[in-house]
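Data first, discussion second: the structure below is written as structure tokens.
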Amino acid sequence: MFQPVPANPSFPVLEREILAFWKDTDAFETLRRLRAGGPTWSFMDGPITANNPMGVHHAWGRTYKDLFQRFHAMRGFDLRWQNGFDCQGLWVEVNVEKDLGFKTKKDIEAYGLAPFVVLCKQRVLNFAAVQTEQSIRLGMWMDWNDPAVLRYLRDQLGQDPGATLTLHGPRGQVTGTVEQLVGQLGLPQLGGSYFTFSDKNNYDIWKFLKTCHEQGWVYKGTDVMPWCWRCGTGISQHEIVTEGYIDRADPGLTVRFPLLDRPGESLLVWTTTPWTLTSNVAAAVGPELTYVKVKQGDEVLYLSKGTLKMLRGQFEVLGELSGQALEGWRYAGPFDELPANQHAGGWSEPGLRRLFARIPESAVQAHRVVLWDAVGEAEGTGIVHIAPGCGAEDFQLHKQYDLPVVAPLDENGVYIEGFGWLTGQPVSEVTDRIVADLQAKGRFYRLEPYTHRYPQCWRCATPLVFRLVDEWYVGMDGLRKPLMRLTEQIRWIPEFGQDRELDWLRNMHDWMISKKRYWGLALPIWECAQCGHFDVLGSREELQARAVAGWDVFAGHTPHRPYIDAVKVRCSACGGTAERIKDVGNPWLDAGIVSFSTLRYGDEPDYWRKWFPADFITESFPGQFRNWFYSLLTMAAALEDQPAARTVLGFATLLAEDGRPMHKSWGNAIEFNEAADNIGADVMRWMYASQKYDADMLFGYHGADETRRRFLLPLWNVYSFFVTYARLDGWTPARSAAGRRTELDRWILARLEQLIAQVTAALNDYHVYKAAQPVEAFLDDLSNWYVRRSRRRFWKSEADADKQAAYATLYEVLVTLTKLLAPFVPFITEHLYQNLVRAVAPGAPVSVHHGEWPAVNADLVDEAVLADMDAARTVVTLGHAVRAAGNLKVRQPLGRVVVVAPPEKHARLTHHQALILDELNVKALEFAENEAELVTYKLMPDNRALGPRFGAQFPKVRAALAAADPAAAVAALRSSGKLALTVDGQSVEVAAGDVLITPQPKAGFAVRAEGEYVVALDTAVTPELRAEGLAREFVRRVQDLRKTAGFEISDRIVTHYVASEGLAEAVGAFAGYIRDETLTVDLRPGFLPAGAATAEDAFDGETLKLAIARAEAPAGPEPAAKRRTPAKKAIAQPGAKRQPTSKKPASKPASKRKAARQKAAPKKTAAQRQPASKKPVSKPAPKKAAKPKARPAARSRKTR
RNA sequence: GGGCCUUUAGCUCAGCUGGUUAGAGCAUCCCUCUGAUAAGGGGAAGGUCUGUGGUUCAAGUCCACAAAGGCCCA
């Protein structure tokens, strides 16, 4: 027997129960066992950064991940189920620093690298635990670590990383220090999620880098890049674009560069970064620009013609010349007196100077005008000051013109030696003194604040400087072509993903893999201080073999700083001692290697071959083309020359409901836990599932509520309806005779087959929303048509074949739908499955997620059944429209509905005659005998058929058709199957199939048309029909009063009434019907007893006073067999009284609704009835029942 | 500056290879049904499909250009 179903479930509460059920039954592990050995479907999880709680934007992608894993598991595939955590890099460091209140790198070094790295690991373990719990809450089935174990390791690591522990893994006990065990998380011996800080992950990157080095791709390069002097690190272009430009007022300083060969003449140069003037080497002009020679006072100045307006005061233009003409002019620099500017090759920190040693000139000697296409006139003077040590583009010009490089700043933004009075000064504090110095030297021209967008550090908001640094790179030219070839072998969804990736690959520069920080991959590069040669080591074993010192310090530790730094090796070139470079790795190395490291590459070749490449990966598009997708592809290309994945699904960005990014400070952010608690995981998952991939998603509570109301609630209502009546009838699938299926049954089953085919095809094609759309359409058909049209079949007393068929059909639909929806909404489907299947078939699989995907059999879709129902529904819709237009309420029965339809469609409708009559509340269905009375025809060509046939002549054919006499044309087409038209004086013939005949209703409000159908209602209300209508009105009011007075569904009542004449007659004539519908055992005219619930009303020119009271209760509960006699739908059974629905008294909302109706009533029916007045009164006032808190002001039911 | 995506009703979005009168949900208004009930159903209103040009018998759909917004690169 099915368990009772609450009418108004809390989905979040239900989901927690299901989570407990899965845990208690070990449901996930059971699924793994069931599918072990099946064909493989390989999903590779893109690692989530374990640095903060996960957000609702993560839940989007994670829903896809879970959905496709569940779908494939149901289809019988064996899966790996491994989640991944991204663990290393600056993101984690930043948060640890924040926790500690650190400001700069010096704070970290003072604190100590070893404890700092421990804190980073602890943070990762902590948020891995948090994200694990959140993911479980979302319904993700993965091979999760126990969060408690992760927290235990976190705490043990903090106490003593060297303490020895034993954990139990899939292959038995694993013993080691805490640090060693943490380094083995996710590996086969410990299982669970992979962590990119694992030893295996790090050493596999070593192997990759060594492979690259063997190809000659690894090199040390020097560049000028954005730098935060507080953090002491370079900031990549990517980091800048995500967080950080601000509008900022900088000094706009204009200075003179006196020309050496033209006494009294100067270039005018403008800059917003005065500190870079100390390192000026050249001045750039645009070769295509026009420059002017200007006399102002005693001096002659040069600037571009387009920037003349920046001059103040009087001046005289002496002449014009092209930028080309200025090339090579030599000038005196602003700080030529500094030693740094007098050094051949330029000046920089000692370690970098050798790079420019081949350049013979000093900055002073090099000062000259160079040509540069990028010079513009939007700001400044059209003459750009070039300091190759202080700007990225300037540095490119150094390469182009072999200019010296003067790089003034150390990593903390302080002037290095060689800069005279500036040495030792922080860059942030020198502007005023530089300006003063230039004034003293006569170089100063003007200073005006200038507001512009300037990059800042995303972590500390310090304005960035540009600084010369050396970093390590992997040259990508050798991989560019192979990567593009492999990219084309991958299926990208949406398709434009491939173009994006190819575009990136065409444009990508060499991959900068180093970062001067502490927590991350220890780059396996050992550099010899003596000869500058470097080696890249490919494994821990190689390192041990080549170590000459420090191995004892490192042994037993994970390959992280600081311990790895202690190991020194023999230089393979000069035999000297090489040390590891101090840099850590780019975190995308960590994420890119996972299709090797997690698949036991090198350790278990068979396993790797079994699971590589991934069948499927999915991540949010923004960023991933040059991040994870890129690094994943690159690693696979370098190591195996294979694509790392067969299908890549990318999706857009999640925004708040207001269309803006979610921001805590804007108040539009929703945290995952909050969302899960408020709206539940299933609702969220369905929102994600319905979303198109390539459009940004607006996520918020309004959409969530709509999703709940549109999808989850109707699903629940159908289920609840089924269970309620199946319990009352004691129906179970085991006992079911097949019954005799009706047209309606066959229709919904045909729709179900259609749905299975659609959903299966869409998911096989990785198109989630194309699966979700037909599901919603089906649910609408099921809830608002099948169930609505079938209700009486479940209510009725007889347990006949028709009722059996109804139960069997609805049951089959519900169970199949449950399976189809299981990957989408795993919680509610599990609940449904437990009650619908397990409660009556204990031998069935324990979980819906252990079951098999419904078989696709598109052949079972019965097109005729579907078309019949379509026709019937069209007619019903039109009939409703006719009633609405004519203000003919459905409660008033009418004599007949008259339909105009093509003769061959008549059978479709007679098939569904009973349905149409009932739905429209009419007595007869007729087909128009003389259509011409009701309709005219509009003739339209079938464009697809006739367009190509007639080509340019087509418009004339169309016109001829429109001009033809419709009635005659239709007659001709119907009798002979063809029609002759005259076009351009020639006769052409069209066939019946080439012409679409659209009937058009003739004037008159009681007719509606759509497509091939026209529906008319006979609006004559005979006295008999009127009486029946009044009887229905009477019933309606009794039912209302029953609810208002708080009666149970099953209560028998005595009904007293006082009615005007017409109504009284109708009540008499339809007494039997009234008693049945209202469970009235005694229908008494006249006397209104005290103590009863009463109401009065006026309608249709009649008046009514009602009083009802409970009939004397029978001695005991009625036997089930007996309850059926009186009522069609209300059912007395002890169990029924415990249904929350039936227990509900006429509550506040009901009376509000009534108030709303009372208010509306006079408006709509003023012509027919007097203003309604009905006062629900509850005499015995059972419970808080009919406390008529009816607020007259209530405007509509929606106001609640 | 280059590449890609988006632009359809007040809002959020569907519209397959060009083809009949461009659809849905929400919101609004009107009506209705009622023991799925803090639900349900029907109807109305709401569109120069961002603009301009082109191809075509036929363009929301294809092409070109432009505009706005977004993503990426430089």
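The phosphate of rG35(B) (OP1 or OP2) has a side-chain N or O of Arg1036(A) nearer than 4.0 angstrom.
Phe395(A) has its ring centre no less than 6.0 Å from the ring centre of Phe466(A). A ring-centre distance under 6.0 Å is not found for Phe651(A) and Tyr688(A).
Heavy atoms of Arg891(A) sit under 4.0 angstrom from primed sugar atoms or phosphate atoms, though from no base atom. Note on Arg1032(A): only backbone sugar-phosphate atoms sit closer than 4.0 angstrom, heavy atoms only; bases stay farther off. The residue Trp716(A) sits apart from the nucleic acid: no heavy atom pair falls under 4.0 Å.
In RNA chain B, stems built from 3 or more consecutive Watson-Crick or G-U wobble pairs, each with both distances under 3.5 Å, span B:1-7 with B:67-73, B:10-13 with B:23-26, B:28-32 with B:40-44, B:50-54 with B:62-66.
In this structure, the side chains of Trp60(A) and Met697(A) come closer than 4.5 Å at one or more pairs of heavy atoms. Put simply, the side chain of Ile679(A) reaches to within 4.5 Å of the side chain of Met684(A), judged on heavy atoms.
The ring-ring contact (aromatic ring centres under 6.0 Å, His included) test applied to Phe721(A) returns Tyr725(A), Phe794(A), not counting sequence neighbours. Partners of Glu706(A) by salt bridge (charged side-chain N to carboxylate O under 4.0 Å, His left out), not counting sequence neighbours, listed by chain and number: Arg710(A). For Asp499(A), the side-chain hydrogen bond (donor to acceptor under 3.5 Å, both in side chains) criterion is met by no residue, not counting sequence neighbours. Partners of Arg709(A) under the side-chain contact (heavy atoms from CB on, under 4.5 Å) rule, at least two apart in sequence or in another chain, are Asp705(A). With sequence neighbours excluded, the residues that form a side-chain contact (heavy atoms from CB on, under 4.5 Å) with Glu501(A) are Thr487(A), Trp492(A), Trp504(A), Leu505(A), Phe625(A), Phe629(A), Tyr630(A), Leu633(A). With sequence neighbours excluded, the residues that form a side-chain contact (heavy atoms from CB on, under 4.5 Å) with Asn835(A) are Phe2(A), Gln3(A), Val5(A), Tyr719(A), Val723(A), Ala839(A). Remark: Tyr786(A) pairs with no residue by the ring-ring contact (aromatic ring centres under 6.0 Å, His included) rule, at least two apart or across chains. For Phe496(A), the ring-ring contact (aromatic ring centres under 6.0 Å, His included) test picks out Phe621(A), with sequence neighbours left out.
In terms of position along RNA chain B, the nucleotide closest to Tyr769(A) lies nearer the 5' end than the nucleotide closest to the other residue of the pair Tyr769(A) and Trp785(A).
The same atom, C1', is picked in rA44(B) and in rG10(B); the two are 16 Å apart, to the nearest Å. Nucleotides rC71(B) and rC30(B), compared at atom C1', are 45 Å apart to the nearest Å. Here, rC65(B) and rG47(B) have their C1' atoms 25 Å apart, quoted to the whole Å. A distance of about 15 Å separates the C1' atoms of rC13(B) and rG60(B), rounded to the whole Å. Across the C1' atoms, rG15(B) and rU8(B) are found 9 Å apart, a figure rounded to whole Å. Nucleotides rC5(B) and rU32(B) have their C1' atoms positioned 45 Å apart, rounded to a whole Å. For the C1' atoms, the distance from rU55(B) to rG40(B) is 50 Å, rounded to whole Å. Only the C1' atoms considered, rU56(B) is 12 Å distant from rG19(B), to the nearest whole Å.
Remark: the Ser783(A) side chain and the rA36(B) base include a donor-acceptor N/O pair separated by less than 3.5 Å. The base of rG35(B) sits with one of its N or O atoms less than 3.5 Å from a complementary donor or acceptor on the side chain of Arg1042(A).
Here rG40(B) presents its P atom at 18 Å from CZ of Arg789(A), a figure rounded to the nearest Å. Atom CZ of Arg788(A) and atom P of rA36(B) are 12 Å apart (whole Å). The interatomic distance linking Tyr725(A) (OH) with rA36(B) (C1') rounds to 8 Å, in whole Å. The interatomic distance linking Arg710(A) (CZ) with rA14(B) (C1') rounds to 12 Å, in whole Å. For Glu919(A) and rU32(B), the CD to P distance is 16 Å, given to the nearest whole Å. The distance from atom CZ of Arg1037(A) to atom C1' of rU32(B) is 13 Å, rounded to the nearest whole Å. Between the CG atom of Asp780(A) and the P atom of rG41(B) there is a distance of 7 Å, given to the nearest Å. The separation between Asn717(A) atom CG and rG40(B) atom P is 8 Å, rounded to whole Å.
For residues 777-791 of chain A, the pairs satisfying salt bridge (charged side-chain N to carboxylate O under 4.0 Å, His left out) are Arg751(A)-Asp781(A), Asp781(A)-Arg873(A), Arg788(A)-Glu919(A), Arg789(A)-Asp918(A), Arg789(A)-Glu919(A), with sequence neighbours left out.
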Nucleotide N/O to protein N/O under 3.5 Å, stretch nucleotides 5-13 of chain B:
none

Extract from the structure each pairing of a protein N or O with an N or O of nucleotides 17-21 of chain B at less than 3.5 Å, listing the distance.
unit_1	atom_1	unit_2	atom_2	d
rG19(B)	O2'	Arg944(A)	NE	3.1

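Each of rG35(B), rA27(B), rG41(B) was ranked by its minimum atom distance to the side chain of Arg709(A); first place goes to rA27(B). In the set rC73(B), rG25(B), rG35(B), the nucleotide with an atom closest to the side chain of Gln1039(A) is rG35(B).
By the 6.0 Å contact criterion, CD on Gln953(A) is enclosed, its count of non-hydrogen atoms from other residues, nucleotides or ligands being greater than 12.
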